[in-house]
> 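Dropping the structure in here first, questions after.
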Amino acid sequence: MKRIGVITSGGDAPGTNACVRTIARRGFAEGIEVHGIFDSWDGLLSGNVRALTRQDVAGIVQRAGTILRSARSTLLTKPGDAQLAIAALAKAGIEGLIIVGGNGSQSGAHVLAQAGFPVIGVPKTIDNDLVGTDFSVGFFTAAEVATNALDNLRATAEAHSRVMIVESMGRDAGWIAVEAGIAGGADLVLIPEHEFTLDGICERLRVRHDVHKRNYSIVIIAEGAMDTHKKLDPRRGTKDVNARPRLGGVGTMLALEIERRLGYNARCTTLGYLQRCATPIAVDRVLATRLSDFAYDLLKEGKSGVMAALAGRELEAVPLAQIAGKTKRVTDDYFRLAEIFG
Ligand code: F6P
C-alpha cells in the first residue's frame, strides 16, 4: 500500500491523538503516506482529507480530543452507504483505512470491510463497552477522573453530613462506575447491568447512617442505570440530532428521591464530558500506541475486517463480525468486588 487513511469517529476519548500520532509516525518511517480524514465520515464525503505531516502530530501524545475532529454519524448504517464511502476513499487515493472508534464506529468498519474495503479497527471509548478487547483507549483516564471526583467529594460529604452522588458516563455498561467505585471506596455503585430498587438503596443508606453511625455516604451511578420500577428513567429526556436519547440527570433524580424518602441531605455531581476531555493518563497513551501500532501492522500485512484488541497483556486481531452490534457488559465477578469493597 502506498497510501492509507485514518479516521476518528464517535465520542472523543483521551488517547485518541496518541493513536493518530502512532499511525502517522509508522507511515513516516516506512514511506507510506498517511492521510487524515478530518471531521469524520462527513469529512470523507466532502473530501476533507489530506496527508498528515510531522508538524500535525508533533506534541500531541498528551493532548485530549482529536486533531482530526470527530462526530457521530449514521453513515454506514443504510444500504448504499458503503459504496459512497468506498467511492470517496478511492477518490482520495486511500487503499486501506484505520478506524479509531467505539461501538458505532466498529460496526461501520465491519460494513466497509464486508463491502471489500481493507479496514482495521482500533478500540476507543471511555465506556469500555466494546466486546473483543479487555480495554479500550480512554477508559482508564475516565475512570481516573471519576475516582478523583469521589476522593474530593468525600471531604464535602463529610463536612456537610451529606449523601454525595457522582454520576459517571456509561450508557449501556457501568465500567467507569465500577472501576471508580472500587478505587474510590463508594458506598453504593449503581450500573445499568444490575437491577436495584429505591427501597433497597434507601435501606442500605439508612443502615449505614442510623446503625453504623456514619454521617455521610458516597454513591456512584452510571448515567444509564435505572431502578427496577423505572422511577429513575435516564432515557426520559430529549433526543439528540441522531435520535439518540440524551442521557445525564439520573443522579439528580436519585438525590431527590433520597431526600424525599430519608430526609438526608443529598447532592449530585454529574461528571459528563469532563471524563472525555481529560489529559490521557500514561496507561491510555501506551495502550493507544500499542493498539495503533498493531493495527498498522495488520493493515500492512493485508488483513482486513478485524479490530486490534488487548487480551491480557497480549495484542490480538479480533474479527469485526464478532464485535459489531454487541455490548460488553460488566461481569458479575467484577461488580461483586464493587459491592464488597466499594
Ligand atoms: O462515548 C460514549 C459516551 O461517552 C456515553 O457514555 C455518553 O452517553 C455519550 O458518549 C454522550 O455522547 P455525545 O453527547 O457526545 O453524543
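In what follows, residues are counted from 1 in the order of the sequence shown.
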> Membership question, hydrophobic clusters at under 4.5 Å side-chain separation (ILVMFWY): are Leu188 and Val250 in the same one?
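Result: yes, single cluster for both.
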> Less than 4.0 angstrom from a charged side-chain N to a carboxylate O is my criterion; do Arg336 and Glu339 meet it?
no
> Do Arg214 and Glu158 sit within salt-bridge range, that is, some charged N less than 4.0 Å from a carboxylate O?
no
> Counting neighbours of CZ on Arg25 that are heavy atoms of other residues, nucleotides or ligands and sit closer than 6.0 Å, is the number greater than 12?
no
> Please tell me whether Leu75 and Leu112 are part of a single hydrophobic cluster in this structure, the criterion being side-chain heavy atoms less than 4.5 Å apart.
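Yes, it is one cluster - the side chains of Leu75 and Leu112 are joined through contacts under 4.5 Å.
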> For a salt bridge (charged side-chain N to carboxylate O under 4.0 Å, His left out) check, start with the C-alpha distance between Asp293 and Arg290, then their side-chain angles and the critical distance, and finish with the verdict.
CA-CA 5 Å; Asp293 179 65; Arg290 288 186 71 203; over 6 Å; no
> Using a strict 4.0 Å threshold on nitrogen-to-oxygen distance, state whether Asp227 and Lys231 make a salt bridge.
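A salt bridge is absent here (no side-chain N lies under 4.0 Å from a carboxylate O).
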> Does Leu205 share a hydrophobic cluster with Val207, counting links as ILVMFWY side-chain heavy atoms below 4.5 Å and allowing steps through other members?
no
> Out of curiosity, His35 NE2 to Leu44 CG, how far, rounded to the nearest 0.5 Å?
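Result: 12.5 Å between the selected atoms.
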> Using the ring pair (Phe, Tyr, Trp, His ring centres under 6.0 Å) rule, collect all pairs that involve residues 195-240, keeping only residues at least two apart or in two chains.
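For residues 195-240: His209-Tyr264.
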> To the nearest 0.5 Å, what is the distance between CG on Leu274 and OG on Ser168?
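Here the interatomic distance stands at 12.5 Å.
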> For the backbone of Asn148 and the side chain of Asp151, can you confirm whether one donor and one acceptor N or O come within less than 3.5 Å of each other?
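Answer holds: no.
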> With no hydrogens and no angle check, is any side-chain donor or acceptor of Thr270 less than 3.5 Å from a backbone partner on Gly272?
no
> What I'd like to find out is whether the side chain of Phe335 reaches to under 4.5 Å of the side chain of Glu193, using heavy atoms alone.
no
> Might you confirm whether atom NZ of Lys239 has over 12 heavy atoms from other residues, nucleotides or ligands at distances under 6.0 Å?
no
> Classify the ring geometry between Trp175 and Phe139 as parallel (under 30°), tilted (30 to 60°) or perpendicular (over 60°).
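Trp175 vs Phe139 ring planes: perpendicular.
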> Can you check whether Gly249's main-chain N or O pairs, donor with acceptor, with Glu223's side chain at less than 3.5 Å?
no
> Once rounded to the nearest 0.5 Å, what's the spacing between atom CZ of Arg21 and atom CZ of Arg26?
13.5 Å
> Taking Glu33 for its side chain and Ala51 for its backbone only, find out whether a donor-acceptor pair lies under 3.5 Å.
no
> Among all residues two or more places apart in sequence or in another chain, which pass the side chain to side chain donor-acceptor pair (under 3.5 Å) test with Asn242?
none
> Under 3.5 Å, is there a donor-acceptor pair between the side chain of Asp240 and the main chain of Ala243?
yes
> Distance-only check: which donor-acceptor pairs under 3.5 Å involve side-chain atoms of residues 306-323, not counting sequence neighbours?
none

> Could you please spell out the steps behind the salt bridge (charged side-chain N to carboxylate O under 4.0 Å, His left out) verdict for Arg206 and Asp199?
CA-CA 10 Å; Arg206 192 195 65 74; Asp199 286 348; over 6 Å; no
> Between Arg329 and Asp172, does any side-chain N to carboxylate O distance fall below 4.0 Å?
no
> Applying the side-chain contact (heavy atoms from CB on, under 4.5 Å) criterion to Ile37, which one of Asp42, Leu45, Ile99, Ile94 satisfies it?
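The side-chain contact (heavy atoms from CB on, under 4.5 Å) with Ile37 is passed solely by Ile94 among Asp42, Leu45, Ile99, Ile94.
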> Decide yes or no on side chain to side chain contact (heavy atoms under 4.5 Å, CB included) for Ile7 and Leu68, but give the supporting numbers first.
CA-CA 7 Å; Ile7 188 167; Leu68 298 178; 5.8 Å; no
> Could you name each residue pair satisfying side chain to side chain donor-acceptor pair (under 3.5 Å) that touches residues 130-140, not counting sequence neighbours?
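Non-adjacent pairs meeting side chain to side chain donor-acceptor pair (under 3.5 Å): zero.
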> Are any side-chain N or O atoms of Thr141 and backbone N or O atoms of Ile281, one a donor and one an acceptor, separated by less than 3.5 Å?
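Yes; judged by distance alone, with no hydrogens or angles, the pair exists.
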> May I ask you to decide if Cys202's main-chain N or O and Arg261's side chain share a donor-acceptor pair within less than 3.5 Å?
no
> When you measure from the side chain of Gln275 to the backbone of Met169, do you find a donor-acceptor pair of N or O atoms at a distance under 3.5 Å?
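Such a contact is found between Gln275 side chain and Met169 backbone.
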> Can Asn265 and Arg267 be said to form a side chain to side chain donor-acceptor pair (under 3.5 Å), step by step?
CA-CA 7 Å; Asn265 239 318; Arg267 297 285 189 278; 3.1 Å; yes
> Are Ile176 and Leu130 joined in one hydrophobic group, where the rule is that I, L, V, M, F, W and Y side chains link up if heavy atoms are under 4.5 Å apart?
no
> What's the separation between atom CG in Asn17 and atom CG in Asp56, rounded to the nearest 0.5 Å?
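So the gap between those two atoms works out to 11.0 Å.
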> Would you say CD of Glu30 has more than 12 non-hydrogen atoms from neighbouring residues, nucleotides or ligands within 6.0 angstrom?
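Correct, the count exceeds 12.
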> Which heavy atom of Ala113 sits nearest a heavy atom of Val119, and at what distance?
N-CG2, 4.2 Å
> Any donor-acceptor pair under 3.5 Å linking the side chain of Asp233 with the backbone of Arg235?
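Yes, because the side chain of Asp233 sits within donor-acceptor range (under 3.5 Å) of the backbone of Arg235.
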> Could you tell me whether a side-chain N or O of Lys124 sits under 3.5 Å from a main-chain N or O of Cys19, the two making a donor and an acceptor?
no
> The criterion is salt bridge (Lys or Arg N to Asp or Glu O under 4.0 Å); which residues satisfy it with Asp12, sequence neighbours excluded?
Arg276
> Using every non-hydrogen atom in the two residues, find where Pro118 and Ser304 come nearest and quote the distance to one decimal.
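Closest pair (atom of Pro118, atom of Ser304, distance): CA-OG, 3.3 Å.
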> For the CG atom of Leu89 and the CD1 atom of Ile4, what is their distance to the nearest 0.5 Å?
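It is 12.0 Å, given to the nearest 0.5 Å.
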> Counting C-beta onward and ignoring hydrogens, is there a side-chain heavy-atom pair between Met164 and Arg154 closer than 4.5 Å?
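With C-beta onward as the side chain, the pair stays apart.
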> Quick one: list whatever passes salt bridge (Lys or Arg N to Asp or Glu O under 4.0 Å) with Arg171, sequence neighbours left out.
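Arg171 satisfies salt bridge (Lys or Arg N to Asp or Glu O under 4.0 Å) with no other residue.
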> Rounded at 0.5 Å granularity, tell me how far CD1 in Ile201 sits from CG in Leu254.
5.5 Å
> Does any part of the side chain of Thr77, heavy atoms only, come nearer than 4.5 Å to the side chain of Thr74, both counted from C-beta?
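Side chain of Thr74 against side chain of Thr77, heavy atoms only: contact under 4.5 Å found.
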> Less than 3.5 Å apart, any donor N or O on the side chain of Thr66 or Thr8 sitting next to an acceptor on the other?
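Result is yes, a qualifying pair exists.
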> Can you spot which of Ile23, Val6, Thr16 makes a side-chain contact (heavy atoms from CB on, under 4.5 Å) with Ser292?
Ile23
